Each structure stands twice: as C-alpha cells, then as structure tokens.
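In what follows, chains carry the letters A, B, and so on, assigned in the order in which the sequence lines appear, proteins first and then strands, with residues in each chain numbered from 1. As a basis for the values below, the full set of heavy atoms in this structure was taken, side chains included, without hydrogen atoms, waters or symmetry mates. Owing to the predicted nature of the structure, the values given are computational and were not obtained by experimental measurement.
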Number of protein chains: 2
Amino acid sequence: MGSGDVKQEVTDKYSLRGRVFQRLRDDILSGKYEVGEELREVAIGEELGVSRTPVREAFRQLELEGLIQIILNKGAYVVGINDTDVRDIYLIRARLEGLAARWAVDRITDAQLEEMEENVYLAKFHAEKGHLEQMFDLDNRFHEILYEAAGSKMLEHQLKDYHQYVLRVRKKTLNNANRGPASNLEHEAIVDAIKSRNADEAERLAHQHIINAYENMLKNGLIRPED
Amino acid sequence: MGSGDVKQEVTDKYSLRGRVFQRLRDDILSGKYEVGEELREVAIGEELGVSRTPVREAFRQLELEGLIQIILNKGAYVVGINDTDVRDIYLIRARLEGLAARWAVDRITDAQLEEMEENVYLAKFHAEKGHLEQMFDLDNRFHEILYEAAGSKMLEHQLKDYHQYVLRVRKKTLNNANRGPASNLEHEAIVDAIKSRNADEAERLAHQHIINAYENMLKNGLIRPED
DNA sequence: TTTTGTATTATTGTATGCAATCCATGGTCC
DNA sequence: GGACCATGGATTGCATACAATAATACAAAA
C-alpha cells in the first residue's frame with residue numbers, strides 16, 4: 001500500500017506462524033482438505049509440531065484470504081477454491097493485468113524492462129530445451145515483474161494474491177500442451193508494447209494473455225467450462 | 001470463495017479480536033496513527049482493555065490487508081493509505097465494478113433487482129430532504145447489492161475490501177458538493193442497463209460511475225491529483 | 001418413539017509466562 | 001575521538017494455562 005515502501009513479503013517464511021500459514025494455504029489449495037472440512041487447532045499444531053498460538057494466527061490470515069471460514073466459538077472450515085472461482089479469478093486477473101501493463105508503460109524502470117527482456121529470452125531458450133520447471137519459474141517471474149513495474153502497491157498486492165491462488169492449476173497448464181511457447185510469444189509482444197510506450201496495446205495484449213491462458217486450460221480439460 | 005456458501009461477515013464483531021481488528025483498522029484509516037508509527041502489542045492491548053493475544057491476531061490480519069507491516073522480532077509499523085493508493089483503488093475499482101455490473105446482468109436475482117430499485121427510489125427521496133447520513137448508507141448498500149448480484153464470491157470479496165478502504169474519503173465526497181444527486185442518477189442508469197440486460201452498457205456506466213466519484217473528489221480538493 | 005433437559009466432553013477464546021531477539025547504552029581498546 | 005563489543009531492558013514469538021462456549025450422549029418424560 002504505502003507507495004514507496006520496503007520490499008518485503010507480507011508473510012515471512014521464518015516464523016512458525018509464517019510456515020504454518022504457507023503450509024495450510026498450500027494444503028488447502030492443493031485439495032488436501034475437503035471443502036467444508038473442519039480444521040482443529042490442536043490437530044494442525046501437532047501435525048506441524050507447534051502449539052495452538054501460531055496456528056490460530058495463521059487461521060486468522062487464511063480467514064481473511066477467504067480460504068477458511070471461522071465461526072465464533074465453533075471452528076474453522078475449509079472454503080477452498082472451485083472451478084467457478086478459478087474462472088472468476090482469471091477474468092478478474094485479465095482486467096487487472098491489463099491495467100498493470102497500462103501503468104507499466106509509464107512507470108517501468110530501465111532495470112525492470114531489462115529483466116523482462118532477459119526473462120523472455122531465457123524462457124525461449126528453456127522452451128526449446130523443454131525445461132518445464134525453469135519455464136514455470138520464469139513465467140511466474142515475468143508476471144511478478146509486470147506487477148512491480150505497474151508501480152502500484154495496491155495492484156501488485158492484489159495480482160500477486162490471485163497469482164498464488166491459481167498456482168497449482170497453472171502448473172498443469174504449462175506442462176500440458178504446448179502453451180509454453182505460445183505464452184512466450186505473448187510475453188514478448190507485451191514487452192514490446194510497453195517498450196514502445198503503447199498503453200492501449202499493452203493493456204489489450206496483457207488482458208488477452210490471461211484470457212488465452214484460461215481458455216487453454218478449458219481446452220485441455222483442466223477445468224470444467226462452467227455455466 | 002466457494003460459490004454457494006453462507007453469508008457471514010469474515011470478521012465477527014463479538015470477539016475481542018474482532019473488535020480490536022475493526023478498531024485498529026478504523027484508527028489507521030482515519031489517520032489516528034502516523035504512517036510509520038510503531039504499534040506495540042501491550043500498549044494497544046491496555047488501551048482496549050485486552051491482553052496481547054487478540055491484539056496479535058488482529059495484527060496478523062491487518063498485515064495481510066496491508067495496513068501494517070510486521071517485521072519479525074521487531075515490530076508492527078503503520079503503512080496507511082495515501083492519495084496515490086486512493087487513486088489506484090478507484091481506478092482498480094472502476095474496472096472491477098464494471099465487471100460486476102456485467103456479470104450482474106446475467107446473474108442478478110429478482111429480489112436483488114427489486115432492492116436496487118427501492119434503493120434508488122429512497123436515495124432520491126433522501127437527497128431531496130438533504131439526509132446525508134441516509135444517503136451515505138444507501139449508497140453503500142447500492143454497491144453492496146451490485147457486488148452480491150455479480151454472483152462471484154471472489155469479486156464480491158475484493159470489491160467490498162476496496163469499498164471499505166475508501167470509506168472515509170467517500171464520506172467527505174457525499175457531504176461536500178452536490179455529488180449525491182448526480183450519483184443517484186448514475187445508479188439509476190446502471191439499474192436500467194442491468195434490467196434491460198445490456199451488459200456492455202452496464203459495464204460502461206458502472207465503470208464511469210466510479211471514475212466520476214474519483215474526479216469529483218479531485219475537483220473538491222479532497223485528494224491531491226498525483227503524478 | 002420422539003422430544004427435551006442435563007451432564008460431560010471437546011474445542012475455541014483469552015490471558016499469562018517464558019525464551020529469543022533486538023536496540024540502546026555504556027565501556028574498552030586502538 | 002572513533003570503532004568495537006558487552007550488557008540490560010524492552011519487545012516480540014511461542015507455549016501453556018484457564019475460562020467460556022458449543023457439541024455430544026444419555027436419560028427422563030410425553
């Protein structure tokens with residue numbers, strides 16, 4: 001939020017609470033827990049070898065993220081994320097990602113632009129070699145740079161959240177089909193649009209890029225169409 | 001998130017933690033604490049008459065909302081919300097609000113549509129009478145209905161958050177100037193577009209509605225232009 | 001059989017205690 | 001005088017203890 005502030009992940013990895021939070025988040029997103037399942041503080045604590053305190057604090061955060069619902073004096077229940085949510089996220093992300101690209105046109109730093117170009121170059125290389133893990137990481141990073149380049153803590157925060165949400169689904173996307181190379185080309189076009197300061201084009205391309213990713217998932221049956 | 005789930009405020013008002021959370025959130029948004037100020041668990045606890053535990057849990061939530069930054073073993077620092085953030089929120093909200101209106105066209109229930117029409121009618125009444133408080137509440141409710149009518153927990157959650165953020169700024173907006181009646185007219189147009197199932201128009205109007213609200217704030221000097 | 005009241009248990013909400021960490025102060029050595 | 005290190009106090013991170021609430025089981029009454 002505050003615009004010119006420190007770069008620091010909101011949830012640190014080195015506190016017990018941070019570890020519990022990330023672990024539970026992963027477990028919920030990966031489907032380890034059934035939707036509607038009740039999470040008990042002691043049980044989770046024992047499983048992770050910590051007391052109730054960090055578990056409770058993690059619960060409060062997960063609640064705020066919408067991953068669990070806490071009912072006073074009753075319990076914490078997994079809300080999860082279904083295909084409808086995934087679709088919604090992609091459609092929301094598409095618009096916000098477009099906005100990010102638009103803002104990046106004016107605000108991107110030279111260093112960020114350079115990293116983007118390197119990213120595209122490397123991604124092309126790894127795509128040829130078939131290095132899926134690297135492609136996945138580079139894709140993640142590409143979008144992160146874009147979010148940062150948009151120069152808005154609010155937007156960055158938001159987009160990173162959504163990005164996280166669909167991480168698991170996305171992993172499948174890149175592995176399956178040959179979305180990788182197509183995605184790379186789109187990245188390249190986005191960078192070009194930003195570099196040539198064409199805001200409309202940047203927004204349009206970034207928007208379409210997310211839509212394409214989603215439709216690719218549909219096409220490969222990774223997600224049910226919905227509606 | 002899970003799409004068909006219970007209507008329940010994420011943060012309950014009746015636990016100590018809930019009260020601490022809302023209180024701190026209000027205090028931060030209203031500017032009681034300086035940006036960068038350190039919040040100490042014991043001090044806050046004493047002020048509100050509670051122990052560190054609920055304060056800590058509230059801190060974790062505020063951190064996730066981006067209102068404070070917690071540095072491990074060090075402290076919690078107010079991040080706050082500045083004019084840039086407000087602008088960003090309005091621009092983000094404008095796009096998402098448009099999306100909400102678009103989705104509402106297909107998904108709004110008869111009851112919701114009816115409540116919207118009543119809302120517009122009542123708002124017109126109170127505008128004539130100059131009842132600012134009621135207008136403020138009705139305006140809040142109008143947007144809430146729209147978010148609910150969009151039929152997407154993800155989007156609703158998001159928009160309600162942003163709505164909260166700018167609440168204080170918004171209060172000034174309605175009081176000042178004669179934005180009230182203009183806003184009412186725009187609401188009415190949005191309802192009409194939704195009722196006549198014109199998605200493009202609904203999105204355009206809802207988008208513009210937020211932009212107008214923001215520009216009105218600028219015009220009245222409630223916010224500095226920025227950039 | 002169903003329902004209702006009650007006692008018991010499980011679980012959460014909050015407070016407190018203890019260990020680890022950080023920060024400021026002051027002292028020592030160069 | 002300035003850089004380095006030790007020490008004490010303050011503050012957080014986590015664990016545990018206690019209180020309040022809700023769920024369950026079971027018995028008694030209709």
* **Among dC14(D), dT14(C), dT12(D), the nucleotide that comes nearest once only the side chain of R40(B) is considered** => dT12(D)
* Spacing between L72(A) atom CG and dT11(C) atom C1', to the nearest angstrom -> 12 Å
* Phosphate OP1/OP2 of dG13(C) contacted by R60(A) side-chain N/O (<4.0 Å) -> yes
* Given dT14(C), dG17(C), dT21(D), which nucleotide is nearest the side-chain atoms of R52(A)? -> dT14(C)
* Determine, for E47(A) against K32(A), whether the closest basic-nitrogen to carboxylate-oxygen distance falls under 4.0 angstrom. => yes
* Distance under 6.0 Å and angle within 45° of ring axis: R93(A) vs Y90(A) -> yes
* To do: Using a cut-off of strictly less than 4.0 Å, decide whether K74(B) has a side-chain nitrogen or oxygen near OP1 or OP2 of dT21(C).
  => no
* Which one, dT12(D), dG13(C), dC22(C), comes nearest to the side chain of E41(B)? -> dT12(D)
* To do: Give R56(A) one of three labels, base, sugar-phosphate or nothing, depending on what nucleic acid heavy atoms sit under 4.0 Å from its own.
  => base
* 4.5 Å side-chain heavy-atom contact, E115(A) and R141(A) -> yes
* **OP1 or OP2 of dT14(C) under 4.0 Å from side-chain N/O of T53(B)** => no
* E97(A) and H143(A) side chains, donor-acceptor separation under 3.5 Å -> yes
* Look at the side chain of R17(A) and decide which nucleotide, out of dT16(C), dC14(D), dG13(D), has an atom nearest to it. => dC14(D)
* To do: Output the single nucleotide from dC14(D), dT14(C), dT12(C) whose closest atom is nearest the side chain of P54(B).
  => dT14(C)
